[in-house]
Number of protein chains: 2
Amino acid sequence: MIKYILLGFLNYQPMTGYQLKQAIDESTAHFWHAHHSQIYTTLRQMEGEGLVTSELLQQESLPDRRVYTIQPAGQQVLKDWLNQTQTEASPIKEDLLVRLFFSAQRDPIQVLTELRLQFELHQAKLAAYLAIGEHIVNEYAKANPAWKRDQQFWRLTLDMGIHYEEMYIAWLQNSIKKIETL
Amino acid sequence: MIKYILLGFLNYQPMTGYQLKQAIDESTAHFWHAHHSQIYTTLRQMEGEGLVTSELLQQESLPDRRVYTIQPAGQQVLKDWLNQTQTEASPIKEDLLVRLFFSAQRDPIQVLTELRLQFELHQAKLAAYLAIGEHIVNEYAKANPAWKRDQQFWRLTLDMGIHYEEMYIAWLQNSIKKIETL
DNA sequence: CGCCACATGTAAAAAGTTACATGATTAG
DNA sequence: CTAATCATGTAACTTTTTACATGTGGCG
């Protein structure tokens, strides 16, 4: 999957592994993230497959940067992947729910502490997403008029992030209440 | 993670790999799933670590079954894991959002078809969760009075599943509308 | 002086998926 | 006769995570 994300970004413009990591952290991290080690190795692997090419640029007083450029073969792979529609709902893996599922024997105080911490974490995430929303509307749209249509799709994924966090926060509040009165 | 789920179930009663797979599919699958291959290998691995023991029971006209029983060491591992509170929100990996993020250049008809299929899939999931909720209330609570407290925690995780699907469905409806009028 | 940003990698381990492999019974 | 349920496993592969590894320049 990380392969397609990298190709997706490179399809806009040539980028380095470092920049791709940043782009992911800033935009797709709330539905897909990756460590830099995976990004660098996947880029090299894709270069071997002829999906991208790279060139090393030297900089004064800063480390060299390896810029990757998507190739027609890479664009085709991306396109093919997008064209073969998903026929399943993606599975969820949510640590907290696993923990909660087996928490009946735990000290309720500890469970509540954990849920309250999650409450704060998810509120922070929500706040961050809302800020990104503002950012997209105010800055990005003006700076890159060519990506106006793209931005509408990015916005949809951000909306999901926002709704998800809102739902999560409401559920945490409700769960905390229920455990308190158990 | 699958390790703790298996220990969590075995902490209630001895079970076979097959039964554990069933238990996971029926209860935790909406926040954590596993293939049978992973379950069987993890059980064997835990046996090697002394967290569980197993014995082979022969059956007439049915295959042998290997029943796993949790050991004190396994209970300790489970307890320790539950006691060390998560300090982060679990990351999300949602294929559909990755696809949507890079879908500006795709044929909108195709995107809509994909979203409408997801709409049906998530509606089916929601219906299934609601049915499970009924099941828990009506049958399970009466059959296992010793797990009454546990059931209240199970119920909380199911609630999340329900709220998640409701949110997802609403977001899909809204996204479909937006793309239709794009 | 210490931390952050810049910048790229490798290695090893853990986790998860897919495919291969077998075989009896029972219900439709 | 065909599909599903019961029942367990291995092997190969892919993906992801964690740790190791290095080095400069700027800011407070």
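Order of the sequence lines sets the chain letters (A, B, ...), proteins ahead of strands, with each chain counted from 1.
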Just how far is it from atom OG of B:Ser175 to atom CG of B:Leu115, taken to the nearest 0.5 Å? 6.5 Å
Geometric class of the A:Tyr12/B:Phe102 ring pair [parallel <30°, tilted 30-60°, perpendicular >60°]: tilted
Sorted by position of nearest nucleotide on DNA chain D, 5' first, the leading residue of A:Trp32 and B:Val67 is B:Val67
Tell me which one of B:Val111, B:Asn174, B:Ile109 satisfies side chain to side chain contact (heavy atoms under 4.5 Å, CB included) with B:Ile179. B:Val111
Write down the distance between CD1 (B:Ile39) and P (D:dT10), rounded to a whole number of angstrom. 15 Å
Check the interface with nucleotides 4-6 of chain D: list each N/O to N/O pair with the protein under 3.5 Å, or write none.
{"residue": "D:dC6", "atom": "OP2", "partner": "B:Tyr18", "partner atom": "OH", "Å": "3.0"}
{"residue": "D:dC6", "atom": "OP2", "partner": "B:Gln22", "partner atom": "OE1", "Å": "3.3"}

Please give, in whole Å, the distance from C:dA13 P to B:Gln45 CD? 14 Å
Does atom CD of B:Gln59 have more than 12 heavy-atom neighbours, drawn from other residues, nucleotides or ligands, at distances under 6.0 Å? yes
Could you state the CE-C1' distance from B:Met1 to C:dT17, rounded to the nearest angstrom? 18 Å
Which is true for B:Lys21 with a 4.0 Å heavy-atom rule: it touches a base, it touches only sugar-phosphate, or it touches nothing? nothing
Heavy atoms under 4.0 Å, any strand shown: does A:Lys93 hit a base, just sugar-phosphate, or nothing? sugar-phosphate
SB check A:Glu180 A:Lys177 (cutoff 4.0 Å): no
Identify each atom pair where a protein N or O and an N or O of nucleotides 18-22 of chain D are less than 3.5 Å apart, giving names and distance.
{"residue": "D:dT18", "atom": "O4", "partner": "A:Ser37", "partner atom": "OG", "Å": "2.6"}

Send over the distance from A:Arg44 CZ to D:dT15 C1', rounded to a whole Å. 20 Å
Calculate the interatomic distance between A:Lys3 atom NZ and D:dT14 atom P; express it in whole Å. 10 Å
Check the hydrophobic clustering (I, L, V, M, F, W, Y; side-chain heavy atoms under 4.5 Å; chains of links allowed) and say if B:Leu43 and B:Val67 are grouped together. no
Below the 4.0 Å mark, does C:dG9 have OP1 or OP2 next to a side-chain nitrogen or oxygen of A:Arg66? yes
Whether B:Phe101 and A:Phe31 hold their rings parallel, tilted or perpendicular, with breakpoints at 30° and 60°: tilted
From C:dA7, D:dG9, C:dT17, pick the nucleotide closest to the side chain of A:Tyr40? C:dA7
Are any of the side-chain heavy atoms of A:Val52 and A:Leu6 separated by less than 4.5 Å? no
Distance check needed: C:dC6 C1' versus A:Leu20 CG, whole Å only. 15 Å
Does some side-chain heavy atom of A:Ile92 sit less than 4.5 Å from a side-chain heavy atom of B:His30? no
What is the distance, rounded to the nearest whole Å, between atom CG of B:Leu6 and atom C1' of C:dA15? 13 Å
To the nearest Å, how far apart are B:Leu56 CG and D:dG9 C1'? 12 Å
